[in-house]
Each structure stands twice: as structure tokens, then as C-alpha cells.
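The first residue in the sequence is number 1, and the count goes up from there. Just follow the structure's listing: the first ligand is 1, and inside any ligand the first atom is 1. Treat the numbers as computed from the prediction; the structure is a model and nothing was measured.
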Amino acid sequence: MENKHETKVVFLGDSGVGKSSILLRFHRNEFSESFEVTIGGAFLQTKVELEKGFTVTLDVWDTAGQERFRSLMPLYYRQASAAVIVYDVGDMKSFQRCDYWVKTLKEQEPKCVLFLVGNKADKENREVTQEYSAEFAKIHNMITFETSAKTSKNVQTLFYQIAEITMKS
Ligand code: GTP
Ligand code: MG
């Protein structure tokens, strides 16, 4: 078996849920309280070292959550091996949006592995419980996590899972 693997991953979800922040935390171990909206899509290449010397290169597209960029999204999710659909645990509306992305991906990219990520798990005021999202993830056969780009919770785990799963598929 090859010890290198390259795979395309796309991050989707409403504006402000923390897609760029999760990537910044994983790639540079940084976090910023200020909000700089992503315009269109941003590309980032990052590596995940798995055991036994396997390295997975993730070609990640961080997309813009703002509605005005919606028509560009097919460019970013086309032929992705994995899609990370992100919501904010403190914002029910952002969770409801996930349904749209799940349907779209299942229709357009049926082989794509779907992750459901509830970010901002550090927040005290939450609108989406873990039980509620777990139910949705189960129905749609998604791998689910709660993360915090702020505290780093589960951020590494998320990327390891993406690397491992896409290597097998
Ligand atoms: P778009 O690019 O517009 O789609 O937004 P985005 O999903 O990339 O959101 P971004 O990562 O820019 O984060 C938006 C805001 O949420 C910023 O002010 C971040 O500091 C904040 N934020 C991101 N992740 C977390 C988190 O885990 N916890 C908390 N408390 N705030 C976070
Ligand atoms: Mg962004």
C-alpha cells in the first residue's frame, strides 16, 4: 500500500459558525475572536500523520457561508471525498441549514463521506443539544462531533477521522 494519500475535503455551513476558525486551529493552532468572513472559497492544504508512517494530505476548501456565494458552492464540493457540514451549537438556524447541505451532497456527490460538526461547544447558551444532533446524524449516516475552535476541543480528532475514513474509502 502507498504511504501517501491526497484527498479533497470541503467545509460547508452558515456564515459565522466557525469553519475558518476550525481550520486555523488545526493548521496553525491559533484562534481569533475577530470575524473575517470568507469570500467565495479559500484553499488550504494540510497534512495529517497517521500511525505507521502514513501521511494524508487534505486539500481543503473552506467555503463562504454567506448566501450571496451560494451559486459558487458546486465548484467547491465537486468530487470531494469528505464534506464537513458545520453548525453553531448556540444557533438553531445554523443547525437547520445542515439539512439543505446533506440533501444537496447526497444528490450531487453520493460517494462523499459526510461529517456533522457542532462548533462553539464552549458556549454556555446552547440551542442544539448533542442528543438532537446525534439523532439527525444517525438518520443521515453521518459521523458527528462537537468541536470548539476556541478551546481546541475535538479539532485534532476531527481531522484524524477525516484522514482515516477517506483513506479507506
Ligand atoms: P464565513 O466565512 O462567513 O462562512 O464564516 P465562518 O464559518 O468561517 O466563521 P469564522 O470561523 O470566521 O468565525 C466566526 C466567529 O465565530 C469569529 O468571531 C470567531 O472568533 C467565532 N468562533 C469560531 N469558532 C468558535 C468557537 O469554537 N467558540 C467560540 N466561542 N467562538 C468561535
Ligand atoms: Mg470563513
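For the Mg ion (ligand 2), protein N, O or S atoms closer than 2.8 Å were enumerated as S20 OG, T38 OG1, with waters left out.
Scored by the salt bridge (charged side-chain N to carboxylate O under 4.0 Å, His left out) test, E67 finds R70, R97 as partners (sequence neighbours excluded). When the salt bridge (charged side-chain N to carboxylate O under 4.0 Å, His left out) test is applied to D62, no partner is found at least two apart in sequence or on another chain.
The aromatic ring centroids of W61 and F43 lie less than 6.0 Å from each other.
Checked against S148 for a side chain to side chain donor-acceptor pair (under 3.5 Å), the options N154, N119, D122 give a single hit: D122.
A side-chain donor from one of Y87 and S133 sits under 3.5 Å from a side-chain acceptor of the other.
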For a distance cut-off of 3.5 Å, show me each N or O of ligand 1 paired with any protein N or O, plus the separation.
| residue | atom | partner | partner atom | Å |
| --- | --- | --- | --- | --- |
| ligand 1 | 2 (O) | T38 | N | 2.8 |
| ligand 1 | 2 (O) | T38 | OG1 | 2.8 |
| ligand 1 | 3 (O) | S15 | OG | 2.6 |
| ligand 1 | 4 (O) | K19 | NZ | 2.7 |
| ligand 1 | 4 (O) | G65 | N | 2.7 |
| ligand 1 | 5 (O) | G16 | N | 2.9 |
| ligand 1 | 7 (O) | V17 | N | 3.4 |
| ligand 1 | 7 (O) | G18 | N | 3.0 |
| ligand 1 | 7 (O) | K19 | N | 2.9 |
| ligand 1 | 7 (O) | K19 | NZ | 2.8 |
| ligand 1 | 8 (O) | S20 | N | 3.0 |
| ligand 1 | 8 (O) | S20 | OG | 2.9 |
| ligand 1 | 9 (O) | G18 | N | 3.2 |
| ligand 1 | 11 (O) | S20 | N | 3.4 |
| ligand 1 | 11 (O) | S21 | N | 2.8 |
| ligand 1 | 11 (O) | S21 | OG | 2.6 |
| ligand 1 | 13 (O) | S21 | OG | 3.4 |
| ligand 1 | 16 (O) | K120 | NZ | 3.0 |
| ligand 1 | 18 (O) | E33 | O | 2.8 |
| ligand 1 | 20 (O) | S32 | O | 2.6 |
| ligand 1 | 20 (O) | E33 | O | 3.3 |
| ligand 1 | 24 (N) | N119 | ND2 | 3.2 |
| ligand 1 | 27 (O) | N119 | OD1 | 3.4 |
| ligand 1 | 27 (O) | D122 | OD1 | 3.4 |
| ligand 1 | 27 (O) | S148 | OG | 3.4 |
| ligand 1 | 27 (O) | A149 | N | 2.8 |
| ligand 1 | 27 (O) | K150 | N | 3.3 |
| ligand 1 | 28 (N) | D122 | OD1 | 2.7 |
| ligand 1 | 30 (N) | D122 | OD2 | 2.9 |

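Between E146 and K123 no salt bridge is recorded (no basic side-chain N to carboxylate O distance below 4.0 Å). For the pair K8 and D59, the salt-bridge criterion is not met [side-chain N within less than 4.0 Å of a carboxylate O].
More than 12 heavy atoms of other residues, nucleotides or ligands lie within 6.0 Å of CD in Q45, so this atom counts as buried by the packing criterion.
Between F159 and F26, the angle of the ring planes stays under 30°, which puts this pair in the parallel group of the 30/60° scheme.
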